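These notes are about the structure you will find just below.
Quick caveat, the model's predicted, so the values are computed rather than measured. Chain naming here is simple, since letters A, B, ... match the order of the sequence lines and numbering starts at 1 in each.
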Number of protein chains: 4
Amino acid sequence: MQLINGEAVRGRAPEKKYRARYLEVLNAAAKLFSAKGYQAATTTHIAEELGIHQASLYYYLKSKEQALEQICEIAIDGYVRFSQAIRKSRQPVTTKLRKLIFMHLITLELRPNFFKVFQENRKDLGDQARHRIGQQIRTYESNVESIIRQGIRAGALRADLNPVRATLALLALCNSVAVWWHVRSDEAIQLIAKDLADIFIKGAESGKAAAKPGV
Amino acid sequence: MQLINGEAVRGRAPEKKYRARYLEVLNAAAKLFSAKGYQAATTTHIAEELGIHQASLYYYLKSKEQALEQICEIAIDGYVRFSQAIRKSRQPVTTKLRKLIFMHLITLELRPNFFKVFQENRKDLGDQARHRIGQQIRTYESNVESIIRQGIRAGALRADLNPVRATLALLALCNSVAVWWHVRSDEAIQLIAKDLADIFIKGAESGKAAAKPGV
Amino acid sequence: MQLINGEAVRGRAPEKKYRARYLEVLNAAAKLFSAKGYQAATTTHIAEELGIHQASLYYYLKSKEQALEQICEIAIDGYVRFSQAIRKSRQPVTTKLRKLIFMHLITLELRPNFFKVFQENRKDLGDQARHRIGQQIRTYESNVESIIRQGIRAGALRADLNPVRATLALLALCNSVAVWWHVRSDEAIQLIAKDLADIFIKGAESGKAAAKPGV
Amino acid sequence: MQLINGEAVRGRAPEKKYRARYLEVLNAAAKLFSAKGYQAATTTHIAEELGIHQASLYYYLKSKEQALEQICEIAIDGYVRFSQAIRKSRQPVTTKLRKLIFMHLITLELRPNFFKVFQENRKDLGDQARHRIGQQIRTYESNVESIIRQGIRAGALRADLNPVRATLALLALCNSVAVWWHVRSDEAIQLIAKDLADIFIKGAESGKAAAKPGV
DNA sequence: AATGAATGAGTGTTCATTCAT
DNA sequence: TATGAATGAACACTCATTCAT
């Protein structure tokens with residue numbers, strides 16, 4: 001028996017099927033956590049979603065909380081990866097910020113449940129996992145902060161901008177979308193991203209004479 | 001014991017004492033809900049916080065959920081009241097927005113737990129209460145939206161600003177503070193409010209050259 | 001301080017008032033026990049009926065169960081007393097039986113709650129009290145049985161009548177009225193008593209040629 | 001797990017085992033309800049009777065009240081069924097009445113607890129179930145009343161007999177047996193039924209001289 | 001690969017009762 | 001004479017989790 005990522009892994013062919021079903025289970029958990037909240041969603045709800053018996057969940061999951069952990073880890077990994085890429089890329093800062101906002105929002109379209117759960121239910125993690133995830137969040141934030149500092153240094157952003165506060169504001173703007181998206185409207189993520197970027201950037205960037213038309 | 005409107009009414013002086021203790025109980029509940037979440041906070045935790053037996057809570061509370069209701073109602077009532085006042089006042093729109101942001105944030109200083117609970121746990125309310133509170137939230141939002149529309153009409157804000165989206169963005173900015181304030185820093189609310197207002201307004205207002213005189 | 005019936009008794013004048021209020025309390029308890037059942041009726045319900053605070057009940061009552069005891073005792077005492085009188089009286093047995101049935105039913109009109117509670121809730125008494133009451137019930141039953149044996153001996157009742165079974169049947173007939181009286185009809189107790197007596201006696205008495213018209 | 005009509009359906013063989021155990025659980029509940037009363041019997045008591053943990057009850061039972069419902073439904077269904085059959089049968093009315101009394105009493109021997117619980121604890125049902133059961137009771141009563149009216153029309157029963165009162169009296173006679181049977185004696189149900197029938201019928205039937213031939 | 005059966009620790013809530021005032 | 005405040009023991013019920021099969 002091999003160990004991958006600290007998990008016992010079954011034989012050759014079955015392993016693939018197991019993995020596939022495991023992801024289905026995770027998806028179902030994410031869907032229910034997202035819909036009802038982690039505490040209110042019961043293992044019975046998740047099992048019903050999958051059409052299996054409650055006890056069968058435990059063939060795939062070590063515990064309910066471990067499912068939450070996995071979901072949060074997958075979500076934060078995505079954030080960390082694209083923020084890293086954007087930070088290191090070579091383009092104007094405003095372009096970077098627009099890209100970042102777009103990428104942050106597009107996660108909602110790709111795996112809506114994972115990211116909603118990550119945002120709203122990571123507080124329900126156990127201490128250890130919460131701190132591990134928290135570490136990653138701070139990595140994401142510091143990537144964003146780096147970009148903003150680059151912008152300030154380059155003169156593209158206001159010199160008096162508080163980089164920490166601006167970072168938190170930017171992320172708050174992005175995260176807020178998850179709450180009303182699909183409830184209040186079904187507008188395309190791209191349009192929403194553009195509007196948010198306009199609000200953030202046109203205030204953050206220095207020395208603009210007037211509203212740039214086609215931005 | 002007299003009955004007025006089906007509710008037990010206590011005498012003069014005792015009534016005061018009861019009310020005072022009732023608010024202490026509500027505060028303790030808000031503190032625990034805020035710290036652990038509504039579902040995870042048990043009535044035992046709340047009672048311990050007050051130094052009384054769990055069953056004694058029910059001398060003051062009809063139920064755990066009714067406590068949540070009260071907390072949310074007190075919170076949203078505050079928002080509705082000041083937003084109404086600001087909307088109807090006669091001052092430049094940017095001044096109104098700065099005032100609004102400041103008022104929204106100052107609530108954190110007054111009753112931090114009430115507003116955190118309101119933001120994070122109103123989803124745990126029963127259907128009836130949630131809808132009642134939802135009604136109030138929409139009133140608050142429409143007050144904010146009104147102010148933004150006034151600004152657009154008056155030419156103080158960008159003509160191409162989407163008023164709905166701008167409203168949600170503004171509130172997201174304000175609400176995000178509750179998450180990190182007192183954790184990440186203990187800076188004065190006033191300074192935070194000014195920074196957020198700068199980020200929001202300088203992007204939202206049209207035709208500014210670089211002016212930051214009296215901001 | 002004197003002791004009457006094992007209870008501490010207060011001073012001169014106040015004693016009368018106390019006793020009067022005590023009976024009011026007992027009445028209220030009987031009313032609620034009768035309406036909701038002993039277990040389902042709470043001390044709060046009883047206090048509300050009296051317009052006093054729950055805790056104030058305990059100025060008059062040692063406990064909820066003691067109230068039930070008192071109620072049952074008052075009820076059974078009534079039964080024992082009139083059955084004794086009728087048994088010892090000198091009249092035809094059928095007259096005695098008709099009188100007994102009438103007396104048993106008339107209790108419903110006099111103190112409906114006490115007797116309903118006695119019938120339906122004496123099983124909720126503690127062991128000691130239940131046995132004490134049970135003793136009294138057996139006295140009542142044996143008075144009735146005596147009358148029936150008198151009738152058999154005198155030839156007025158069937159010789160092959162099983163006296164024990166006939167006693168139980170007679171009392172069952174009487175007790176059943178409490179269940180539907182005032183629910184299903186408001187006919188006079190006298191008429192009901194006559195009908196029941198007819199059903200019981202015309203079967204129990206021997207050698208009747210045909211239905212006696214005016215009985 | 002398949003879902004049919006919203007209810008979980010088990011496979012072939014296990015289904016049988018489940019059903020069997022379910023009935024054991026219901027029996028245990030009936031036994032405890034009958035011994036202590038519905039309110040006083042706790043789920044812990046019932047579980048102890050079965051030798052399982054209290055929580056395990058809820059694998060079989062939706063709630064304590066639902067158990068009571070089931071018990072009452074099973075009981076009343078029996079009454080309705082045999083009373084229907086007897087009413088429609090073609091035999092002398094007195095034979096019908098004797099049969100009815102016998103059938104009513106024989107239920108005590110089959111499932112003593114179910115019928116005691118039905119008689120004494122149906123008042124503890126929730127409104128909905130109580131009304132549903134009440135409907136059935138009225139069906140039973142009206143079947144009995146029909147038989148009595150047949151008898152009156154046919155001249156077999158007294159013309160001045162009040163059919164409603166006679167019905168209630170008959171049922172009271174039958175129901176009363178549950179209270180003392182097995183406590184006071186262990187006589188055969190048949191003998192008891194005969195005695196009760198004699199008491200009821202010989203009063204109810206008209207124009208008998210002194211005849212007790214084949215009774 | 002999945003489940004039937006069961007459990008143990010808890011959860012909110014109720015209620016009779018107490019006692020200082 | 002009555003009550004405000006509090007309690008302790010119990011209660012029905014829930015739920016994540018286990019394990020033999």
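Distance A:Leu50 CG to E:dA1 C1': 14 Å, rounded to the nearest Å. If you measure from atom OH of C:Tyr18 to atom P of F:dA2, you get 11 Å, rounded to the nearest angstrom. In this structure, CD1 of A:Ile46 is placed 10 Å from C1' of F:dA16, rounded to the nearest angstrom. Rounded to an integer number of Å, the gap from CG of A:Leu61 to P of F:dC15 is 17 Å. Between D:Ile52 atom CD1 and E:dG8 atom P the separation is 12 Å, expressed in whole Å.
Every residue two or more places apart in sequence or in another chain that forms a side-chain hydrogen bond (donor to acceptor under 3.5 Å, both in side chains) with D:Tyr22 is listed here: D:Gln70. For C:Glu73, the side-chain hydrogen bond (donor to acceptor under 3.5 Å, both in side chains) partners are C:Arg132, not counting sequence neighbours. Listed by chain and number, the residues in a side-chain hydrogen bond (donor to acceptor under 3.5 Å, both in side chains) with B:Gln66 amount to none (sequence neighbours excluded). In this structure, the side chain to side chain contact (heavy atoms under 4.5 Å, CB included) partners of A:Lys123, at least two apart in sequence or on a different chain, are A:Asn121, B:Glu120. Remark: A:Phe114 engages no residue in a ring pair (Phe, Tyr, Trp, His ring centres under 6.0 Å) (not counting sequence neighbours). Considering only residues two or more places apart in sequence or on other chains, A:Arg21 meets the side chain to side chain contact (heavy atoms under 4.5 Å, CB included) condition with A:Glu24, A:Leu50, A:Ile52, A:Tyr60. For A:Ala55, the side chain to side chain contact (heavy atoms under 4.5 Å, CB included) test picks out A:His53, with sequence neighbours left out. Residues passing the side-chain hydrogen bond (donor to acceptor under 3.5 Å, both in side chains) test with B:Thr44 are B:Gln54, sequence neighbours excluded. Applying the side chain to side chain contact (heavy atoms under 4.5 Å, CB included) test to D:Ala35 and every residue at least two apart in sequence or in another chain returns nothing.
Between F:dA6 and B:Tyr59, no contact under 4.0 Å exists linking OP1 or OP2 to a side-chain N or O. Residue D:His53 places no side-chain N or O under 4.0 Å from the OP1 or OP2 atom of E:dA6.
Contact annotation for C:Ala41: backbone-only contact, meaning every heavy-atom pair under 4.0 Å involves sugar-phosphate atoms and none involves a base.
Of the residues in residues 20-39 of chain D, none has a non-hydrogen atom less than 4.0 angstrom from any atom of DNA chain F.
Stem regions annotated for DNA chain F: E:2-21 with F:2-21, counting only runs of 3 or more consecutive pairs of Watson-Crick or G-U type with both contacts under 3.5 Å.
With E:dT3, F:dT1, F:dA6 as the choices, the nucleotide that has an atom nearest any side-chain atom of A:Ser56 turns out to be E:dT3. When the nucleotides E:dA1, F:dG4, E:dA5 are ranked by their closest atom to the side chain of D:Tyr60, E:dA5 comes out on top.
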Query - Residue pair C:Asn113, C:Phe33: steps toward the side-chain contact (heavy atoms from CB on, under 4.5 Å) verdict - result: CA-CA 8 Å; C:Asn113 299 323; C:Phe33 291 167; over 6 Å; no
Query raised in the report: Does the pair D:His45 and D:Lys36 meet the rule for a side-chain contact (heavy atoms from CB on, under 4.5 Å), with working shown?
Result: CA-CA 10 Å; D:His45 292 142; D:Lys36 309 197 169 211; 3.6 Å; yes
What's touching nucleotides 17-21 of chain F from the protein side, N or O pairs under 3.5 Å?
| residue | atom | partner | partner atom | Å |
| --- | --- | --- | --- | --- |
| F:dT17 | OP2 | A:Tyr58 | OH | 2.7 |
| F:dT17 | OP2 | A:Lys64 | N | 2.7 |
| F:dT17 | O4 | A:Gln54 | OE1 | 3.4 |

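With the nearest nucleotide of DNA chain F identified for both D:Thr42 and B:Leu57, B:Leu57 has the one nearer the 5' end. Residue B:Gly51 is the one, among A:Thr44 and B:Gly51, whose nearest nucleotide of DNA chain F lies closer to the 5' end (criterion: closest heavy atom).
Heavy-atom minimum distance, D:Glu65 versus D:Leu125: OE2-C, 3.9 Å.
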